[in-house]
Amino acid sequence: MQSPDLVVDALRQLAVNAFPNDDPATIHIRAGALFARLKALNRDANAAARAHKQVTADARQDMDQTHLRLQNLLYEKRHLEREIDKCRQFASVYQDIQMYSIEQFIELSPPEAHTEDVLTNEHQLMLNRLGFELVERQRLDRKVKALAQEKEEILKTSKAQAAIMESVKVQIEALLKTASEIGKKVEELVPVANSPQNTPHPS
């Protein structure tokens, strides 16, 4: 590609070195060709400038999008780091639960709950221990409810027996009172039967 400076230099030389005897038409043709070439170069330069500007704009847009993605990734990274810190600081309920010891868990739980793979996996081991605790607590809860129901039945029976005993006590007291009254009447009648008027004289 010819440099614009070369075309400008050629025009300058054409103007400086022109002689009066030179053919004006020839000079005009040469000058016209150089101007046409200069315009073509100017058009090419403008097109190249527009192309470079578009490339720059595209590159800037790509850079902005990349920067935005980077900012989003950094924000997500900070968010995840905060969540991880929260999880590490979180005091789970299971930490306060009175659980079976590992030895008791191995002794009481089903074999599939404490295989070698489970015992070497801390997370799975804790899940299995919690699951076993849940099953045991449900079993114990059912047992407590059964015992409570049995106690309630016993209390009902005891109350019924107490009511019967109270009724019998009242009946006995009533009989004793009646017997006492009868005894008093008998005692009142006995002296009358043994008085002198009723005593027969010997013949």
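Values below: all heavy atoms of this structure, side chains included; hydrogens, waters and symmetry mates excluded.
Side-chain atoms of Arg137 and Glu133, non-hydrogen and from C-beta on, do get closer than 4.5 Å to each other. Put simply, the side chain of Leu134 does not reach to within 4.5 Å of the side chain of Leu130, judged on heavy atoms. Counting only heavy atoms from C-beta outward, the side chains of Thr66 and Leu70 never approach each other to under 4.5 Å. Side-chain contact between Arg82 and His79: present, with at least one pair of heavy atoms (C-beta onward) separated by less than 4.5 Å. Looking at Gln149 and Lys145, their side chains never come closer than 4.5 Å, going by heavy atoms from C-beta outward. Put simply, the side chain of Tyr100 reaches to within 4.5 Å of the side chain of Glu136, judged on heavy atoms.
Under the 3.5 Å distance criterion, the side-chain polar atoms of Ser158 are left unmatched by any main-chain donor or acceptor of Ile154. Looking only at distances, no side-chain donor or acceptor of Ser167 sits under 3.5 Å from a matching main-chain atom of Ala163. Distance alone, capped at 3.5 Å, places no donor-acceptor pair between the Ser180 side chain and the Leu176 backbone.
Gln124 and Asn128 are linked by a side-chain donor-acceptor pair at a separation below 3.5 angstrom, with hydrogens and angles left out of the test.
For the atom pair Lys159 NZ and Ile164 CD1, the distance stands at 14.5 Å (nearest 0.5 Å). Going from atom OG1 of Thr56 over to atom CD of Gln61 covers 13.0 Å, rounded to the nearest 0.5 Å. In this structure, the separation between CD1 on Ile172 and CE on Met165 is 9.5 Å, given to the nearest 0.5 Å. Here the straight-line distance linking atom CG of Asn72 with atom NE2 of His67 works out to 10.0 Å at 0.5 Å rounding. A distance of 10.0 Å separates NE2 in His114 from CD in Glu107, rounded to the nearest 0.5 Å.
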Going through the checks in order, is the side chain to side chain contact (heavy atoms under 4.5 Å, CB included) test met by Arg142 and Arg139? CA-CA 5 Å; Arg142 289 192 298 270; Arg139 181 182 65 82; 3.8 Å; yes

Would you please test Gln54 and Asp58 for side-chain hydrogen bond (donor to acceptor under 3.5 Å, both in side chains) and show each step? CA-CA 6 Å; Gln54 185 62 43; Asp58 293 342; 2.9 Å; yes

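Environment of CD in Glu122: sparse, with no more than 12 heavy atoms of neighbouring residues, nucleotides or ligands closer than 6.0 Å. Heavy atoms of other residues, nucleotides or ligands lying less than 6.0 angstrom from CD of Glu173 number more than 12. Surrounding CD of Glu116 are at most 12 heavy atoms belonging to other residues, nucleotides or ligands under 6.0 Å away. Atom CD of Glu150 has 12 or fewer heavy atoms from other residues, nucleotides or ligands within 6.0 Å.
Using a 4.0 Å cut-off between a side-chain N of Lys or Arg and a carboxylate O of Asp or Glu, Glu83 and Lys86 qualify as a salt bridge. Under 4.0 Å is where a charged nitrogen must lie from a carboxylate oxygen, and between Lys77 and Glu81 at least one such pair does.
Here the shortest heavy-atom pairing between Phe132 and Ser109 reads CE1-CA, 3.6 Å. Ile102 and Arg129 make their closest contact through CD1-NH1, 3.3 Å (heavy atoms, listed as atom of the first residue, atom of the second, distance).
With Asp117 as the partner, the side chain to side chain contact (heavy atoms under 4.5 Å, CB included) test is satisfied by one option alone out of Asn121, Thr115, Leu119: Thr115.
Residues Val118 and Phe105 share a hydrophobic cluster, clusters being chains of Ile/Leu/Val/Met/Phe/Trp/Tyr side chains in contact below 4.5 Å. Residues Leu108 and Ile106 share a hydrophobic cluster, clusters being chains of Ile/Leu/Val/Met/Phe/Trp/Tyr side chains in contact below 4.5 Å.
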